[in-house]
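In this text the structure is predicted, and so the values were computed from the model without any measurement.
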Amino acid sequence: MTHTARRIGRSLALVLPVVLVLSGTLAVTMVPWADNSPSQILTASAEDVSVPAKPRAAQDVLRDRLLGEIRQGEEPGDVLTHLQQEVDKRPSLAEHCVGIARALGRAAVDAYGPTKAQSFARPVCDTSYASGVASMG
């Protein structure tokens, strides 16, 4: 091999990987999924996406749903009724009822203030809702 050919080979060996990496990175930086609106564009990330999502426990799903109801303006008394209905349907949730009711009490204070939040108290999971209200008030 001639000296010139060797020099060209070395140059390509150094430059070509850089060009390939840059062009590949630019190609996957933005991928439109549904439409071209900014909210629908997925940008490249360094996160490890090969790790599967952990399944959420039933009590966490229920708590988040009920907290969402309060945040959307549903009266805490009605949300407490929904909690009681869910515990009646699925007795395995009973051991989590206290924690969920406290969280609802705290969310009610955020939404309505301590005095009005206390007016929604009912005997669901003993006095856990009232305890949540008191801890925030």
* **Pairs meeting criterion salt bridge (Lys or Arg N to Asp or Glu O under 4.0 Å) with involvement of residues 71-83, two or more places apart** =>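 Non-adjacent pairs meeting salt bridge (Lys or Arg N to Asp or Glu O under 4.0 Å): zero.
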* Structure fact -> Residues pairing under salt bridge (Lys or Arg N to Asp or Glu O under 4.0 Å) where one sits in residues 90-113, two or more places apart or in two chains, turn out to be none
Atom [atom1] in [X], atom [atom2] in [Y]: separation rounded to 0.5 Å?
{"X": "Ile100", "Y": "Arg65", "atom1": "CD1", "atom2": "CZ", "value": "9.5 Å"}
{"X": "Leu62", "Y": "Leu83", "atom1": "CG", "atom2": "CG", "value": "6.0 Å"}
{"X": "Glu86", "Y": "Cys97", "atom1": "CD", "atom2": "SG", "value": "11.0 Å"}
{"X": "Phe120", "Y": "Ile70", "atom1": "CZ", "atom2": "CD1", "value": "9.0 Å"}

* Asked: Shortest non-hydrogen contact from Glu69 to Val79?
  -> OE1-CG2, 3.6 Å
* Asked: Looking only at heavy atoms, what is the nearest atom pair of Arg56 and Asp60, with distance?
  ->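 So the minimum-distance heavy-atom pair works out to NH2-O, 3.4 Å.
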* Asked: Between Arg122 and Gly77, is there a donor-acceptor pair closer than 3.5 Å when you use the side chain of the first and the backbone of the second?
  ->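 Yes, the answer is positive, given that a donor and an acceptor are paired below the 3.5 Å cut-off.
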* Excluding sequence neighbours, so at least two apart, what forms side-chain hydrogen bond (donor to acceptor under 3.5 Å, both in side chains) with Gln85? ->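 None.
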* Per the side-chain contact (heavy atoms from CB on, under 4.5 Å) rule, which among Asp88, Leu80, Thr81 passes with Gln84? ->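 Passing option: Asp88.
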